[in-house]
Amino acid sequence: MGMGAFPGSDPLSLGMLGMHGTYAANMSISSSDVILAVGARFDDRVTGKISEFAPHAKIIHIDIDPTSIQKNVRVDIRSWAT
(Lines give C-alpha, C1' and ligand atoms only; values in the text may rest on other atoms or scores of the structure.)
Protein backbone atom coordinates (compact mmCIF):
# COMPACT_ATOMS: atom_id res chain seq x y z
CA MET A 1 0.00 0.00 0.00
CA GLY A 2 2.96 2.30 0.54
CA MET A 3 4.95 1.01 -2.43
CA GLY A 4 6.42 3.94 -4.29
CA ALA A 5 6.27 6.32 -1.31
CA PHE A 6 10.03 5.89 -1.07
CA PRO A 7 11.98 4.85 -4.17
CA GLY A 8 13.03 1.21 -4.05
CA SER A 9 16.12 2.10 -6.06
CA ASP A 10 17.42 4.41 -3.31
CA PRO A 11 20.44 2.96 -1.45
CA LEU A 12 18.61 3.55 1.86
CA SER A 13 15.68 1.33 0.81
CA LEU A 14 15.79 -2.09 2.46
CA GLY A 15 12.83 -3.45 0.49
CA MET A 16 9.74 -5.24 1.70
CA LEU A 17 9.31 -7.16 4.96
CA GLY A 18 8.15 -10.68 5.53
CA MET A 19 8.09 -13.92 3.60
CA HIS A 20 8.27 -12.10 0.25
CA GLY A 21 10.67 -9.48 1.58
CA THR A 22 14.41 -9.02 1.65
CA TYR A 23 16.91 -10.40 4.10
CA ALA A 24 18.08 -6.87 4.96
CA ALA A 25 14.55 -5.65 5.78
CA ASN A 26 13.75 -8.67 7.93
CA MET A 27 17.03 -8.51 9.83
CA SER A 28 16.60 -4.79 10.48
CA ILE A 29 13.17 -5.41 12.05
CA SER A 30 14.41 -8.26 14.20
CA SER A 31 17.23 -6.10 15.60
CA SER A 32 15.24 -2.84 15.93
CA ASP A 33 14.66 -1.11 19.23
CA VAL A 34 11.85 1.16 17.92
CA ILE A 35 9.44 0.67 15.03
CA LEU A 36 7.25 3.53 13.83
CA ALA A 37 4.44 2.03 11.75
CA VAL A 38 2.17 4.52 9.99
CA GLY A 39 -0.79 2.94 8.22
CA ALA A 40 0.86 -0.48 8.28
CA ARG A 41 -0.83 -3.86 8.60
CA PHE A 42 1.04 -6.47 10.57
CA ASP A 43 -0.36 -9.55 8.85
CA ASP A 44 1.09 -13.05 9.06
CA ARG A 45 3.06 -12.61 5.82
CA VAL A 46 4.98 -9.75 7.44
CA THR A 47 5.30 -10.99 11.00
CA GLY A 48 5.75 -14.72 10.55
CA LYS A 49 5.64 -16.18 14.05
CA ILE A 50 4.20 -13.25 16.03
CA SER A 51 5.97 -14.20 19.26
CA GLU A 52 9.31 -13.75 17.46
CA PHE A 53 8.47 -10.55 15.56
CA ALA A 54 10.68 -7.60 16.59
CA PRO A 55 11.37 -9.09 20.04
CA HIS A 56 13.30 -6.09 21.40
CA ALA A 57 11.35 -3.27 19.74
CA LYS A 58 8.93 -0.76 21.15
CA ILE A 59 6.24 -0.41 18.49
CA ILE A 60 4.45 2.86 17.73
CA HIS A 61 1.43 2.28 15.48
CA ILE A 62 -0.54 5.09 13.84
CA ASP A 63 -3.55 4.29 11.65
CA ILE A 64 -6.79 5.86 10.51
CA ASP A 65 -8.70 2.75 11.64
CA PRO A 66 -8.43 2.11 15.39
CA THR A 67 -9.48 -1.54 14.92
CA SER A 68 -6.30 -2.16 12.90
CA ILE A 69 -4.08 -1.09 15.78
CA GLN A 70 -2.81 -3.96 17.92
CA LYS A 71 -4.88 -6.41 15.87
CA ASN A 72 -2.01 -8.90 15.46
CA VAL A 73 1.06 -7.38 17.10
CA ARG A 74 1.42 -5.89 20.57
CA VAL A 75 1.83 -2.12 20.40
CA ASP A 76 3.45 0.12 22.99
CA ILE A 77 2.04 3.44 21.72
CA ARG A 78 -1.06 3.79 19.55
CA SER A 79 -2.82 6.65 17.83
CA TRP A 80 -5.51 7.08 15.22
CA ALA A 81 -7.13 9.90 13.30
CA THR A 82 -10.70 10.87 14.15
Side-chain angles (χ1 to χ4, degrees):
M1 296 200 299
M3 296 290 286
F6 187 80
S9 59
D10 189 286
L12 295 175
S13 174
L14 297 178
M16 295 192 319
L17 285 174
M19 69 169 51
H20 299 294
T22 65
Y23 179 79
N26 288 316
M27 290 299 100
S28 70
I29 286 294
S30 65
S31 63
S32 293
D33 55 354
V34 174
I35 297 171
L36 174 60
V38 180
R41 288 187 334 217
F42 292 110
D43 63 17
D44 61 342
R45 293 182 183 207
V46 167
T47 62
K49 191 173 181 182
I50 290 176
S51 63
E52 296 177 10
F53 179 76
H56 309 293
K58 298 289 184 190
I59 300 176
I60 303 166
H61 193 179
I62 302 167
D63 202 297
I64 196 166
D65 179 7
T67 63
S68 293
I69 298 173
Q70 201 158 274
K71 187 173 184 177
N72 297 319
V73 173
R74 66 157 178 79
V75 174
D76 298 289
I77 299 172
R78 52 192 133 322
S79 182
W80 54 90
T82 57

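Summarising the geometry, atom CG belonging to D43 is positioned 7.5 Å from atom CG belonging to N72; distances are rounded to the nearest 0.5 Å. For the atom pair K71 NZ and D63 CG, the distance stands at 10.0 Å (nearest 0.5 Å). One distance of note links NE2 of H56 with CG of D33; it measures 10.5 Å at 0.5 Å rounding. With values rounded to the nearest 0.5 angstrom, S68 atom OG is found 11.5 Å from W80 atom CH2. Once rounded to the nearest 0.5 Å, the distance linking CD of Q70 with CG of D76 reads 8.5 Å. The distance from the CD1 atom of I59 to the CZ atom of F42 is 5.0 Å, given to the nearest 0.5 Å.
When hydrophobic clusters are built by joining Ile, Leu, Val, Met, Phe, Trp and Tyr residues whose side-chain heavy atoms come closer than 4.5 Å, directly or via intermediates, I62 is grouped together with I77.
P55 and S30 get closest at one heavy-atom pair: CD-O, 3.8 Å. Taking both residues in full, the closest heavy atoms of A25 and G15 are given as CB-O, 3.8 Å, listed atom of the first, atom of the second, then distance.
Counting heavy-atom neighbours within 6.0 Å of R74 CZ, excluding the residue itself, gives a total above 12.
With contacts defined as side-chain heavy-atom distances shorter than 4.5 Å, the pair V34/I60 qualifies.
Looking only at distances, a side-chain donor or acceptor of N26 sits under 3.5 Å from a matching main-chain atom of G18. At distances below 3.5 Å, at least one donor-acceptor pair connects side-chain atoms of S32 with backbone N or O atoms of S28. In this structure a side-chain-to-backbone donor-acceptor pair under 3.5 Å is missing from T47 to I50.
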Test side-chain contact (heavy atoms from CB on, under 4.5 Å) applied to I29 and V46, step by step: CA-CA 10 Å; I29 286 294; V46 167; over 6 Å; no
